[in-house]
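Throughout, a chain's letter reflects where its sequence line sits, starting with A, and its residues are numbered from 1. Just so you know, these numbers come straight off a predicted model, no measurement behind them.
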Protein chains: 2
Amino acid sequence: MPQEKAEFLKGTLDMLILKVVAGGPIHGYAISQRIQQISKDFFQVPQGSLYPALHRLEERDWLEAEWKDTSTGREAKFYKLTRKGRAQLETEMLNWERLSDAVALILRTAG
Amino acid sequence: MPQEKAEFLKGTLDMLILKVVAGGPIHGYAISQRIQQISKDFFQVPQGSLYPALHRLEERDWLEAEWKDTSTGREAKFYKLTRKGRAQLETEMLNWERLSDAVALILRTAG
DNA sequence: CGTAGACACCTAGCTATGCTACCTGTCTAA
DNA sequence: TTAGACAGGTAGCATAGCTAGGTGTCTACG
């Protein structure tokens, strides 16, 4: 049996997270819910993808974290975009546009 | 110095190859040229990505290979789609459509 | 009361992918 | 005769995303 893999988020996760965080400070768990909700359940970010992603984004100085209380009084790590992060988001969105255009071109033209 | 990576083809390579091969028997080197050409130079499939991809597609029985002469008389390995390969292409195209729709939704809605 | 399930965080370890950097050999054109 | 296109290939690396596990709190329900 070769391989039962999901692999939904093909290199788009970082961009999606950055985009959601661009909406204002938000904690990790809520980010994944928001991605799932907006995408109408297409994306279901597993926690094993989410948290490592958040950590690498933080390490690259694209996100900043701070522990704060949620509305329900519990503690959670709230992320916000850094200036570098905002620039990175711009770049990634542009790249994504170009990539999907190029793919669309091939899917329409080739074959 | 972190890392100077290119990473243009984010999980799309298999689909692009299948799509190009769907146009009729074609050899590896020509596949990469065709992808580059149709995408207006956006994609430049390195050989170190191309050949391993072809081999795994063949191993999954999505492609079939046969050595034949090119128009210039040289030998080359011509690939064509198997029935499974054609089905796989359908699936991947559908998935891609859904993926890019979901991403577009988030890029428009979030933030 | 106690327990299931949501909330919120995390890590280890695996696999697959795409990349750089190499290698072989032929043919054509400068 | 030599550079560069053509045509095939491999080794080894980094990374991303996944599964599967873990911690602990709070709420709701039987």
Side-chain angles (χ1 to χ4, degrees), chain A residues 1-18 25-37 42-60 62-63 65-79 92 95 99, chain B residues 1-18 25-37 42-60 62-63 65-79 92 95 99:
Chain A
M1 296 329 79
Q3 201 55 18
E4 295 300 331
K5 277 208 312 159
E7 198 75 22
F8 275 96
L9 312 148
K10 309 196 161 179
T12 61
L13 182 55
D14 289 5
M15 179 178 65
L16 297 183
I17 290 176
L18 290 175
I26 181 172
H27 60 80
Y29 193 85
I31 293 170
S32 76
Q33 285 182 316
R34 195 124 174 68
I35 290 178
Q36 174 168 354
Q37 172 204 16
F42 182 82
F43 293 122
Q44 290 176 36
V45 189
Q47 299 191 326
S49 305
L50 175 71
Y51 292 110
L54 287 171
H55 299 157
R56 71 173 172 257
L57 294 180
E58 199 182 353
E59 206 188 359
R60 288 171 190 172
W62 296 338
L63 292 185
E66 190 189 357
W67 286 93
K68 277 197 291 190
D69 284 356
T70 64
S71 48
T72 62
R74 259 179 292 197
E75 286 250 299
K77 215 168 160 184
F78 281 76
Y79 290 92
E92 295 209 11
N95 272 351
L99 173 80
Chain B
M1 300 321 87
Q3 201 55 18
E4 295 300 331
K5 277 207 314 156
E7 198 75 21
F8 274 95
L9 312 146
K10 309 196 162 178
T12 62
L13 182 55
D14 289 5
M15 178 178 66
L16 297 182
I17 290 176
L18 290 174
I26 181 171
H27 60 78
Y29 193 84
I31 292 171
S32 77
Q33 285 181 316
R34 194 123 176 66
I35 289 177
Q36 175 168 354
Q37 172 204 18
F42 182 82
F43 293 122
Q44 290 177 36
V45 189
Q47 299 191 322
S49 305
L50 176 70
Y51 292 110
L54 288 171
H55 298 158
R56 72 174 172 255
L57 294 180
E58 198 182 353
E59 205 187 0
R60 288 169 190 174
W62 295 339
L63 292 184
E66 190 188 358
W67 285 93
K68 278 198 292 192
D69 284 356
T70 65
S71 49
T72 61
R74 260 179 291 197
E75 287 249 300
K77 215 167 160 183
F78 282 76
Y79 290 93
E92 295 208 11
N95 272 350
L99 173 80

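- Spacing between atom CG of B:D69 and atom C1' of D:dC6 amounts to 14 Å, rounded to whole angstrom units.
- Rounding to whole angstrom units, CG of residue B:L13 and C1' of C:dA16 are separated by 13 Å.
- The CG atom of B:L9 sits 10 Å away from the P atom of C:dT20 (whole-angstrom rounding).
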Check step by step if side chain to side chain contact (heavy atoms under 4.5 Å, CB included) holds for B:I17 and B:I35. CA-CA 8 Å; B:I17 290 176; B:I35 289 177; 4.3 Å; yes
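- Within the helix from C:dC1-D:dG30 to C:dA30-D:dT1, the inter-axis angle between the opening and closing five-pair segments is 10°, rounded to 10°.
- What separates CD1 of B:I31 from C1' of D:dC6 is a distance of 15 Å, to the nearest Å.
- Among the heavy atoms of the strands, none lies under 4.0 Å from A:G73.
- In this structure, B:E59 atom CD and C:dT17 atom P are separated by 11 Å, rounded to whole Å.
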So if I define the base as every atom that isn't primed, P, OP1 or OP2, how would nucleotides 7-13 of chain C read as a B/S/- string at a heavy-atom cutoff under 4.0 Å? BBBBB--
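- B:F8 places its CZ atom 17 Å from the P atom of D:dT15, with the value rounded to the nearest Å.
- Between A:L99 and B:L9 there is no side-chain heavy-atom pair separated by less than 4.5 Å.
- B:S32 comes within contact range of no nucleotide atom at all, as no heavy-atom separation falls under 4.0 Å.
- The aromatic ring centres of B:F43 and B:F8 sit 6.0 Å or more apart.
- The distance from atom CG of B:L57 to atom C1' of C:dG18 is 13 Å, rounded to the nearest whole Å.
- Shown here for A:I26 and A:R34, the closest heavy-atom pair between the two residues is CD1-CD, 4.2 Å.
- Taking the six-membered ring where tryptophan is involved, the planes of B:Y29 and B:H27 are essentially parallel, since the angle between them stays under 30° and well short of 60°.
- Considering every non-hydrogen atom in both A:T70 and A:A76, the closest pair reads CG2-CB, 3.6 Å.
- Look at B:R56 and you won't find any side-chain N or O under 4.0 angstrom from OP1 or OP2 of C:dA16.
- Taking both residues in full, the closest heavy atoms of A:A53 and A:L13 are given as CB-CD2, 3.8 Å, listed atom of the first, atom of the second, then distance.
- A pairwise comparison of heavy atoms in A:G11 and B:K10 identifies O-NZ, 3.7 Å as the closest pair.
- Here A:E66 pairs with nothing under the side chain to side chain donor-acceptor pair (under 3.5 Å) rule; sequence neighbours left out.
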